[in-house]
Participant: 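Before we start, here is the structure in question, set down as structure tokens.
Letters go in sequence order (proteins before strands), and every chain restarts at 1. Keep in mind that this is a model prediction, so the values were computed, not measured.
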Amino acid sequence: MPTDTNSDTTDTILPKHYEPQIAEQAGSGWEASGYFSSQPQNDGRESFSILLPPPNVTGMLHMGHAFQHTLMDTLIRYQRMCGKNTLWQPGTDHAGIAMQIVATRELERRGIDVAALSREEFLTHAWEWKQQSGNTITQQMRRLGASCDWQRECFTMDDNLSAAVTQAFVKLYEDGYIYRGKRLVNWDPVLLTAVSDLEVVSEEESGVMYHVRYPFVDDEDNGIIIATTRPETILVDGAIAVHPDDERFLPLLGKRVWVPLCSPPRSIEIIADEYVDPQFGSGCVKITAAHDFNDYAVYQRHPDIPLIVLFTPDAKMNENAPETYRGMDRFAAREKIVADLTAQGLLIKQEPHRYKLPRGDRSKAVIEPMLTDQWFMRMDKMAERGLALADEGQVRFVPDNWRRVYQEWLSKIHDWCISRQLLWGHQIPAWQDPDGNWYIAETEEQAQQQAGDKPLTRETDVLDTWFSSALWPYSTLDWHTQPENPHFQSYFPTSVLITGFDILFFWVARMVMMTDYMVGGSPFHDVYITGLVRDREGQKMSKSRGNILDPLDLADGISLEELLAKRTHGLMKPEQAQQIEADTRQQFPDGIPAYGVDALRFTFASLASYGREIKFDLGRCEGYRHFCNKLWNAARFVLSVADGGYENAAADIETVANLPVQDEWIISRLQRAEQTVADSFAEYRFDLAALEIYQFFWDDYCSWYLEVAKVQLIYGDASVRANTTRTLLAVLEAGLRLCHPIMPFITEQLWQKVAPLVDKKTAATIMLAAYPQAEAAKINPAAEAAMARLKAIVEAARQLRQEYNQPGATLLVSGSDSEQLVPFLVKLAGCKNARSIAAAELPTNAPTVKIHELTLLMDCPQIDIAARNEQRQRELQQLQTELAAVEKMLANPQFMQKAREQAINSKQQQQQRLLQKIDELTSQTLS
RNA sequence: AGGCGCGUAGCUCAGUUGGUUAGAGCGCUACCUUGACAUGGUAGAGGUCACAGGUUCAAAUCCUGUCGUGCCUACCA
């Protein structure tokens, strides 16, 4: 940003404009000075702790992170300043599949054949990558001011955390929660691993429904017609099912049909099962038990159905297919099979069909239900505990409706497939002897002891990444090695978990269950579920949509060229680049200006209501950068005052007494702001806290108090001026502390200058200064009423001035305190010629406003009497309509009888106000 | 198919247990460079609170239904 105007050096205190880059340097020493460190001494302080949802070690900071981290940091900073003993526990997640993909890609880039590597060699490479590139995201977090206890940063595959995984696995196995079995699981044929049902996303796609005739064994000219979207699986069909009550097919039950295209020929039976929907398709379902979850369920009810696997792990036709199809990819095989069915006259018809196709979350490959040996965790009893903890209120969801989502899922939970056929991750602590017996132990030695002299080989599968994440609440606090350690004692259970609803099941529910099982009790008191950050059109931000925003680009700014490069580089579908470029050019013709971290954080805070989605609008960000500038300039003004900037400003003006009621007002207003902010944080209403801070600073402190203070500084005597200067400083200083948790950098920079001037430099940094607490004794209704009156009078004068802004116009003021008010009208309403006058001397037939026992009159050369009257008339009419409504209510006996006293009072007051206004307006008619 | 949410100013959103004149930011109009700030100031325009019923003295707020919209879960071969 150009800073020409900033080099204007009449001002040595602060540059004329706020510059985020400079302000952000104010926080550069925080971490090194140890301000972020937790101190788990038992010193009587209440604890407040937050677990950072560990971002993927492969990850880059995105808007969702930045948003949630802002909220966590705000709370931690707030509680720290409130005197709590705080810990924000950071760390990263090993991100099984994601990391394996990254490491594989990196090896391929270096021309290394991954398939040829041993497990150990691969892991060595992966760890190398982690050491070199795995701290990107935590560095980015530091840029945003995240005051985590970075000394305690951990990684889910650290030795210590891995020990917790092994311990939990063994205990769960010994307690009968973990078992191994051959089950139908979601298989990703590209990544060659099982995935849990949460990692499968089904979206509607276009397909074809094929109707195929299976000839009767005893009557080959006739047959039964089934409908299928996957004709390639015909080859391993085990039965045909119809509904037991479907009269069309009753006579056919028990009959056998030939499975098409099989060689040697194979026949299957027609059976009855409730699962079949007679209305759908042909009413007959082919049962392919090894490749479909529903069919598998049918198989479990009819164990005679043959269970034949058709595919290799990478979804090619295996040896169970007739020779002509063997080795073909499943989709190629489908085409050939359709052709062959057609040739044999067995394909009755095919029609377009929309259906949901399950795809792997990561690979986007069509998931194949596959019969494999896997490790599972029994979830029924765990889920009961998870539900009970929510019912008992040991874990509290904010907003509350997420409790129902959580309960809904837990009450329909399936067993969890926890094994993955990957290299990167926690290798399952299980060993097998040549007879196929399994030995589960924390170490190989212990397993060997169980096995006697039988040779053992270790299970190669690793655990689902979410298994270790589920232990995060206690593994990071070393409960499993040292239950009595001070960190665990001080910070567990944690105060609040802040995360998105997208991982409510993946992570939150599992943490609750696992922590409860291992440690006992819920790992956190509150779970605050945030919305998901979307773009300004409400679209999810994603690389492929080309609408991603990097939070650091919002803070530091980015040129259009760089932004285009970021958005179009490395796309899955390069043909989208052109559209993305066009959209980006249109939305950001000049790139993105640097809004600064503080403005970005304030934006996030102000967007954090209880909503489910957050449309991110750059306009908000810009507005809050302006707010930073406002704060900056307010401080600049106040510092100049403290530095003697307003000295002698009014040497020739007569002193006006009794001014400082306004000081009491702004102090009173500050207490209310402090209370509102505290209440808002208590409910996680960051938006309301931000709004209150914004309004307090801009509307009350800057727009009113600062302007009033100028009058006091000009017209007041020495003691008034001293008092005003002190109030300006004191309120600013407290306001900076009030604001610090949301905008840490600018407040630090300004506070360092402001605090010493009011003897408030009680700590080396604002982040360790005390958070301002509302004091009821300082709330001053009389001062608030006086200020409300002054505001109303000034606003009335502004309106008059706006309407009669012509040369020679003079504002005349009459009333008991008109003398004192004139300076305010000069300064605040911009009426340079204002003067006090006795009521008797007021000219007649001039635009007049009567307000609060005061008469304001604009004495000016030219008045459009008709226009003025017409406007008064309009206002009058409006007031009278309002009055009529109020009086109707007051005349309603039922209202008077049933309404709360407070409601009646306020209506009566409203009536009085309206009557008075009407009276004042009526007397202002000109002739 | 079930479940959850949303629909308030041109746009993005607040609106606490029903109760003064429904608010904020951005945008828009007019005027103003007044010694903190033009990243500013002043005044203003703009809302039948999606629609239809109902409960109530009183509904943006509570209930029912309709329409629109988003998401989650489960899925029909």
Participant: List the atom of A:A796, the atom of A:V849, and the distance in Å for their closest heavy-atom pair.
Facilitator: CB-CG1, 3.9 Å
Participant: Using atom C1' of each nucleotide, how far apart are B:C63 and B:G44 to the nearest Å?
Facilitator: 40 Å
Participant: Tell me which nucleotide, if any, is Watson-Crick or G-U wobble paired with B:G2 when both distances must be under 3.5 Å.
Facilitator: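 Base-paired to B:C72.
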Participant: Got a donor-acceptor pair under 3.5 Å from the side chain of A:K888 to the base of B:A58?
Facilitator: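 By the distance-only test, no, there is no pair.
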Participant: Which protein N or O atoms sit under 3.5 Å from an N or O of nucleotides 41-46 of chain B?
Facilitator:
unit_1	atom_1	unit_2	atom_2	d
B:G41	OP1	A:K630	NZ	3.1
B:G41	OP1	A:W698	NE1	2.7
B:G44	OP1	A:Q799	NE2	3.4

Participant: Under 4.0 angstrom, heavy atoms only, what part of the nucleic acid is A:K907 near: base, sugar-phosphate, or nothing?
Facilitator: sugar-phosphate
Participant: Under 6.0 Å between the ring centres of A:F67 and A:F616?
Facilitator: no
Participant: Measure from NZ or CZ of A:K710 to the centre of the six-membered ring of A:F637 and say whether it is under 6.0 Å with the direction within 45° of the ring axis.
Facilitator: yes
Participant: Choosing from B:C72, B:A36, B:C37, which nucleotide comes nearest the side chain of A:F505?
Facilitator: B:C72
Participant: Could you tell me which nucleotide pairs with B:C28 by Watson-Crick or G-U wobble geometry, both distances under 3.5 Å, or answer none if nothing does?
Facilitator: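 Result: B:G44.
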Participant: What integer number of Å spans the P atoms of B:G19 and B:C62?
Facilitator: 11 Å
Participant: Which whole-number value in Å describes the distance from A:E203 CD to B:A74 C1'?
Facilitator: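 Interatomic distance, CD of A:E203 to C1' of B:A74: 15 Å.
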Participant: Using whole Å, report how far CD of A:Q894 lies from P of B:U55.
Facilitator: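 Distance, rounded to whole Å: 13 Å.
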Participant: List, with names and distances, any nitrogen or oxygen atoms from the protein found under 3.5 Å away from nitrogen or oxygen atoms belonging to nucleotides 9-18 of chain B.
Facilitator:
unit_1	atom_1	unit_2	atom_2	d
B:A14	OP1	A:S609	OG	2.6
B:A14	O3'	A:R685	NH2	3.2
B:G15	OP1	A:R685	NH1	2.9
B:G15	OP1	A:R685	NH2	3.1

Participant: Using the P atom on both, measure B:C6 against B:A77 and round to a whole Å.
Facilitator: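 One P to the other, the span is 32 Å.
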Participant: Considering every strand shown, what is the Watson-Crick or G-U wobble mate of B:G18 when both distances are under 3.5 Å?
Facilitator: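 Matched B:G18 with nothing under the 3.5 Å cut-off.
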Participant: Please step through salt bridge (charged side-chain N to carboxylate O under 4.0 Å, His left out) for the pair A:R685 and A:E683, ending with a clear verdict.
Facilitator: CA-CA 5 Å; A:R685 288 303 303 267; A:E683 296 168 355; over 6 Å; no
Participant: Between C1' on B:A36 and CG on A:N633, what's the gap in Å once rounded to a whole number?
Facilitator: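 Answer to the nearest Å: 5 Å.
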Participant: Provide the Watson-Crick or G-U wobble partner of B:U34, both distances under 3.5 Å; none if there is no partner.
Facilitator: none
Participant: Which heavy-atom pair separates A:Y355 from A:G207 by the least distance, and what is that distance?
Facilitator: CE2-CA, 3.5 Å
Participant: With heavy atoms under 4.0 Å as the rule, sort A:M889 into base, sugar-phosphate or nothing.
Facilitator: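 Base, at least one base heavy atom under 4.0 Å.
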Participant: Given B:A36, is OP1 or OP2 found less than 4.0 Å from the side-chain N or O atoms of A:K710?
Facilitator: yes
Participant: Counting the atoms with a prime plus P, OP1 and OP2 as sugar-phosphate, which does A:Y694 contact under 4.0 Å by heavy atoms, base, sugar-phosphate, or nothing?
Facilitator: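 Sugar-phosphate contact only - A:Y694 comes under 4.0 Å of backbone atoms but never of a base.
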Participant: Touch check for A:H353, heavy atoms < 4.0 angstrom, all strands: base, sugar-phosphate only, or nothing?
Facilitator: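 Sugar-phosphate contact only - A:H353 comes under 4.0 Å of backbone atoms but never of a base.
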Participant: Determine the contact category for A:E707: base if any of its heavy atoms lies under 4.0 Å from a base atom, sugar-phosphate if only primed atoms, P, OP1 or OP2 are that close, otherwise nothing.
Facilitator: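 Contact class for A:E707: base.
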Participant: Kindly say whether A:T288 contributes a backbone atom to a donor-acceptor pair with the side chain of A:D295 at under 3.5 angstrom?
Facilitator: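 Judged by distance alone, yes, a pair lies under 3.5 Å.
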Participant: Please give the nucleotide sitting opposite B:C51 as a Watson-Crick or G-U wobble pair, both distances under 3.5 Å, or none.
Facilitator: B:G65
Participant: Give A:T229 one of three labels, base, sugar-phosphate or nothing, depending on what nucleic acid heavy atoms sit under 4.0 Å from its own.
Facilitator: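 Since only primed, P, OP1 and OP2 atoms lie under 4.0 Å of A:T229, the category is sugar-phosphate.
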Participant: Between B:A22 and B:U39, how far apart are the two P atoms, rounded to whole Å?
Facilitator: 33 Å
Participant: Could you say whether A:F293 or A:E882 is positioned toward the 5' end of RNA chain B, judged by the nucleotide with the nearest heavy atom to each?
Facilitator: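 Its nearest nucleotide lies further toward 5', so the answer is A:E882.
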Participant: Just one of A:D292, A:T233, A:T228 clears the side chain to side chain donor-acceptor pair (under 3.5 Å) bar with A:K286, so which one?
Facilitator: A:T233
Participant: Under 4.0 Å: is that the gap between some side-chain N or O of A:H626 and OP1 or OP2 of B:C37?
Facilitator: no
Participant: Output a table of nitrogen or oxygen pairs between the protein and nucleotides 3-8 of chain B separated by less than 3.5 Å.
Facilitator:
unit_1	atom_1	unit_2	atom_2	d
B:C4	OP1	A:R404	NH2	3.0
B:C4	O2'	A:R612	NH1	3.1
B:C4	O2	A:R612	NH1	3.4

Participant: State yes or no: are the ring centers of A:Y296 and A:Y299 separated by less than 6.0 Å?
Facilitator: yes
Participant: How far, in whole Å, is B:U42 from B:C26 if one measures between their P atoms?
Facilitator: 13 Å
Participant: From B:G19, B:A77, B:A38, pick the nucleotide closest to the side chain of A:D277?
Facilitator: B:A77
Participant: Considering only atom C1', compute the distance from B:C51 to B:G68 and round it to an integer number of Å.
Facilitator: 10 Å
Participant: If I compare all heavy atoms of A:A834 with all of A:L825, which pair ends up nearest, and what's the gap?
Facilitator: CB-CB, 4.4 Å
Participant: Should A:H17 be counted as stacked on B:C37, where stacking needs a ring-centre gap under 5.5 Å and an angle between planes under 30 degrees?
Facilitator: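 It does not: the ring fails the test against the base of B:C37.
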Participant: Got a donor-acceptor contact below 3.5 angstrom from the A:H211 side chain to the A:K349 backbone?
Facilitator: no
Participant: Heavy atoms from C-beta onward define the side chain here; which of B:A38, B:A77, B:G19 lies closest to that of A:A227?
Facilitator: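 The listed nucleotide nearest to A:A227's side chain is B:A77.
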Participant: Pick the P atom in B:G7 and in B:C13, then give their distance to the nearest Å.
Facilitator: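 One P to the other, the span is 10 Å.
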Participant: Any side-chain donor paired with an acceptor under 3.5 Å for A:D273 and A:H243?
Facilitator: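 A:D273 vs A:H243: no donor-acceptor pair found between side chains.
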Participant: What nucleic acid atoms does A:C628 come within less than 4.0 Å of, heavy atoms only: base, sugar-phosphate, or nothing?
Facilitator: nothing
Participant: Kindly give the heavy-atom pair with the smallest separation between A:P260 and A:R213, and that separation in Å.
Facilitator: CG-O, 3.9 Å
Participant: Looking only at the side chain of A:A634 (C-beta and beyond, no hydrogens), which of the listed nucleotides B:A36, B:A77, B:U73 gets closest?
Facilitator: B:A36
Participant: Only pairs with both distances under 3.5 Å count, Watson-Crick or wobble alike; so what is the partner of B:G23 in this structure?
Facilitator: B:C13
Participant: How would you label the contact of A:Y624 with the nucleic acid (heavy atoms, under 4.0 Å): base, sugar-phosphate, or nothing?
Facilitator: nothing
Participant: To the nearest 0.5 Å, tell me how far A:C702 SG sits from A:N633 CG.
Facilitator: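 Spacing of SG (A:C702) from CG (A:N633) equals 9.0 Å.
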Participant: If you take the centroid of each ring, where Trp contributes its six-membered ring, are A:F505 and A:Y406 closer together than 6.0 Å?
Facilitator: no
